[in-house]
Protein chains: 4
Amino acid sequence: MPRTEQQFEEIRTEKRKIIMDVALELFATNGFHATSISQIAKQAGISKGLAYNYFESKNELLNAVINQGFIEIASFTEVKPDQPLCDEELIAFIEQSFDKVSNDIRHWKLFYSLMLQPHIAENFTERYAKAAEPFFKMIFHFITSKGSTDPEGDLLIISMMVEGAFLYAVAAPGIFPIEQLKQKVIDGIFRIVKTSKK
Amino acid sequence: MPRTEQQFEEIRTEKRKIIMDVALELFATNGFHATSISQIAKQAGISKGLAYNYFESKNELLNAVINQGFIEIASFTEVKPDQPLCDEELIAFIEQSFDKVSNDIRHWKLFYSLMLQPHIAENFTERYAKAAEPFFKMIFHFITSKGSTDPEGDLLIISMMVEGAFLYAVAAPGIFPIEQLKQKVIDGIFRIVKTSKK
Amino acid sequence: MPRTEQQFEEIRTEKRKIIMDVALELFATNGFHATSISQIAKQAGISKGLAYNYFESKNELLNAVINQGFIEIASFTEVKPDQPLCDEELIAFIEQSFDKVSNDIRHWKLFYSLMLQPHIAENFTERYAKAAEPFFKMIFHFITSKGSTDPEGDLLIISMMVEGAFLYAVAAPGIFPIEQLKQKVIDGIFRIVKTSKK
Amino acid sequence: MPRTEQQFEEIRTEKRKIIMDVALELFATNGFHATSISQIAKQAGISKGLAYNYFESKNELLNAVINQGFIEIASFTEVKPDQPLCDEELIAFIEQSFDKVSNDIRHWKLFYSLMLQPHIAENFTERYAKAAEPFFKMIFHFITSKGSTDPEGDLLIISMMVEGAFLYAVAAPGIFPIEQLKQKVIDGIFRIVKTSKK
DNA sequence: GATGAATGAGGATTCATTCAT
DNA sequence: TATGAATGAATCCTCATTCAT
């Protein structure tokens, strides 16, 4: 009995996932240029040829991996970004964000690498900025609602803190425990907010 | 009659500098693996072979470039790290640091890339940590002298801010003007310090 | 649908054989270092890259060629080395040995080269000694059974003769016809044996 | 005071000798193709350029080394080759020959390599044959004077023995002591001679 | 005589990609 | 869908040789 259309579709989807997962692992660990299709195929348990059946080129594969990463980041926005947040909501939001990062370190590692070498992936910078926007919008809402006298400036300070914390989480996960980073960022945000009010 | 020892020395020093400069440019822009010795040689106006007369291997060249970067970072420490700083001194120190970074963006870009893919260069993480130590020591002195009740915690917050700001300066130099980042970091530090005292 | 396992196996075996044969030819004629993978590939009618699909490195290829040679030498031992030989058997054994050499001059040429530059191939000297052992054991049995009063010494004399004859056969095949060498070695052995008895 | 013509000449001769000695060492140990001019220059304590001042090319250097070797071999002939030898003279002659080889293993190693890969040096085979001629002539005289019934055949047997012994001396100097080889060759020659007479 | 910077061709090896099956 | 043989360009690196000084 031949497989049904749907079964084929499932196999494809499943295998794509495996390839992308291996690719993510290797791209994040060793870098895009230092990772070969052969390596990916071998580690994914498939033939080189099959990899090309699923992805037109190594660059396409990278793009797919990146897009997958953006989709996961996008779930940041589950909290509606247009309503004022109370403190607890802000805390929960930050905690979730850190957990997202720490559960998906590989994508973030890849992203930070790509930020530094943007020509590897077309339009990466713009796409990343767009993906990060909701996150910063929420912070902006929060500090505005808290009465910040210079919300753009405060947002920048907080962004730097968050970006630095994420970088620590991603580049040196053994050294700075995620919980500590999380608490310090939350702590930092509140202290920035507190010192903003006239 | 051959050139004098000194003439040779000059030629070598001069050319090494050129090669290292080109290499830094390309490593920082395109990444280590995406940069070929051919490219470096062409852009440096020399033959491929000659590059190997100056550096035993591509990895050696990378190491030389990295070491040069550390030497430049090392001049952070010019301010004596053991004396308490007044506010103006702290401000000057931070400003200098940012100017260092912005005058040497390429090294910093390379460094951030290497932090994310540390096996490219042997012992990079350790060497970077050691190079950065004096910087953080100075901050630590400052916040301690200001009466911080949790200097380790406050230092971490400030580190994150600085690291984030540097990352912005390096990865997106067009978007965030160095002056703004500098001011916001100084601002942030003082606000963190202010909220630390009982 | 892919080729069957067996089809692939056949292709690989066949092509490996071709590559190894060309490599043997060139290594023997021009030496290992003077032979490039390009040459081998061109003469084998394949691309340089494909050669690496079959052999991990030039050294691996050399090893494969050497091992093949040892396998062929190993068939020396077909005669059981532990039973006393009559004259006719000794003669047949020597004749076979010379025929082996003359039908596989290239391996022997390579072997003699490697004896002189042993660090080209790891453990070559030991492996060769082990491969040659059965041959000398048989001679030893023969001269012992003939009543040699100094079998070790006589074996050495005979070994020198055989080694010299093989060298002539291999290095100057046009000058000394194999038949002549063969007859003279047999002749020499019997004369050495004859002069050994008290 | 400038150096005299003669002093210059001495320096040149001296330095040529050094270069040739280092080259011989490396050619014999590692092979011609695996030895670079840089290596030779470094080990000889001179610059690469100077090596080319003394020898037009790497091949010229090889030729010079080979010629030097032939000159040393040539002194085999000091014994006049046209007079019949008594046993003691033959023994002395063989002993001298072995001592020559063992005092100049490097040339012999190179020679045996070149016999196996003759295109490396133009006309090597012919030149070697010519250089070896006096040696074999003496043996021929000896066995003829001893009444050999088949002097060509006996000479071939003895040649094989000698060639094999030399090969052992050169390729495995640790394993077969030169004295043993020497004695066995002398022993072998006499036994061949003894079994030749009707 | 002497130096070593400089070149360019060539060598080993890797790799994205194609394709017959 | 799936395989892996096959290609060729590109990579890192070496080396004989030249040449200005």
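No hydrogens, no waters, no symmetry mates; every other heavy atom, side chains included, goes into these values. Per chain, numbering begins at 1; letters A, B, ... match sequence-line order.
Rounded to a whole Å, the CD1 atom of I46(C) is 19 Å from the P atom of dG4(F). In this structure, CZ of F8(C) is placed 6 Å from P of dA5(F), rounded to the nearest angstrom. Rounded to an integer number of Å, the gap from I18(B) CD1 to dA6(E) C1' is 14 Å. Between the CG atom of N59(B) and the P atom of dC12(F) there is a distance of 10 Å, given to the nearest Å. Distance CG (L50(A)) to C1' (dT18(E)): 15 Å, rounded to an integer number of Å. Rounded to whole angstrom, the span from the NZ atom of K42(D) across to the P atom of dT3(E) amounts to 14 Å. To the nearest angstrom, C1' of dT21(E) lies 15 Å from CD of E5(C). As a whole-Å value, the separation of E10(A) CD from dT1(F) P is 15 Å.
Backbone-only contact: K15(A) has heavy atoms under 4.0 Å from sugar-phosphate atoms and none from a base. Within the nucleic acid shown, I37(B) comes within 4.0 Å of sugar-phosphate atoms alone, with no base atom in reach, counting heavy atoms only. Residue-level contact check: F55(D) touches neither bases nor backbone, having no heavy atom under 4.0 Å from any strand. Using a 4.0 Å heavy-atom distance criterion, S36(A) is classed as a sugar-phosphate-only contact.
Side-chain proximity of I11(D) to the nucleotides dA2(E), dA6(F), dG10(E) is greatest for dA2(E). For Y54(C), the listed nucleotide lying nearest its side chain is dA6(F); candidates were dA2(E), dG11(E), dA6(F). Taking only side-chain atoms of Q7(B), from C-beta outward, the nucleotide of dA12(E), dT21(F), dC12(F) with the closest atom is dT21(F). Each of dT7(E), dT3(F), dG8(F) was ranked by its minimum atom distance to the side chain of S47(C); first place goes to dG8(F). For N53(A), whose side chain is taken as the heavy atoms from C-beta onward, the closest listed nucleotide among dT17(F), dC12(F), dT1(F) is dT1(F). Proximity note for Y52(A) (side chain, C-beta onward) versus dT17(F), dA16(E), dT14(E): the nearest is dA16(E). Of the candidate nucleotides dA16(E), dA2(F), dT13(E), dA16(E) has the atom lying nearest to any side-chain atom of K58(A). Closest contact between the side chain of S57(A) and the listed nucleotides dA12(E), dG1(E), dT17(E) involves dT17(E).
Within the structure, a side-chain polar atom (N or O) of R12(C) is placed less than 4.0 Å from OP1 or OP2 of dA5(F).
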Given the rule in the side-chain hydrogen bond (donor to acceptor under 3.5 Å, both in side chains) test, do E72(A) and Q68(A) qualify, once you have shown the distances and angles that lead to the verdict? CA-CA 6 Å; E72(A) 264 147 58; Q68(A) 181 62 29; 2.7 Å; yes

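A donor-acceptor pair shorter than 3.5 Å can be found between the side chains of N30(D) and H119(C).
Both G49(C) and E9(B) lie near DNA chain E, and the one whose nearest nucleotide falls closer to the 5' end is E9(B). Mapping K48(A) and K48(C) onto DNA chain E by nearest heavy atom places K48(C) at the nucleotide closer to the 5' end.
Here the side chains of R106(C) and F27(C) are not in contact, with every heavy-atom distance at 4.5 Å or above.
Taking a pair to require two hydrogen-bonding distances under 3.5 Å in either a Watson-Crick or a G-U wobble arrangement, dC15(E) pairs with dG8(F).
From R127(D), atom CZ reaches atom CD1 of I66(D) across 6.0 Å, with rounding to the nearest 0.5 Å.
For K58(C) and F32(C), the positive end sits near the middle of the six-membered ring, less than 6.0 Å away and at most 45° from its axis.
The only member of L61(A), L62(A), N67(A) that meets side-chain contact (heavy atoms from CB on, under 4.5 Å) when paired with M20(A) is L61(A).
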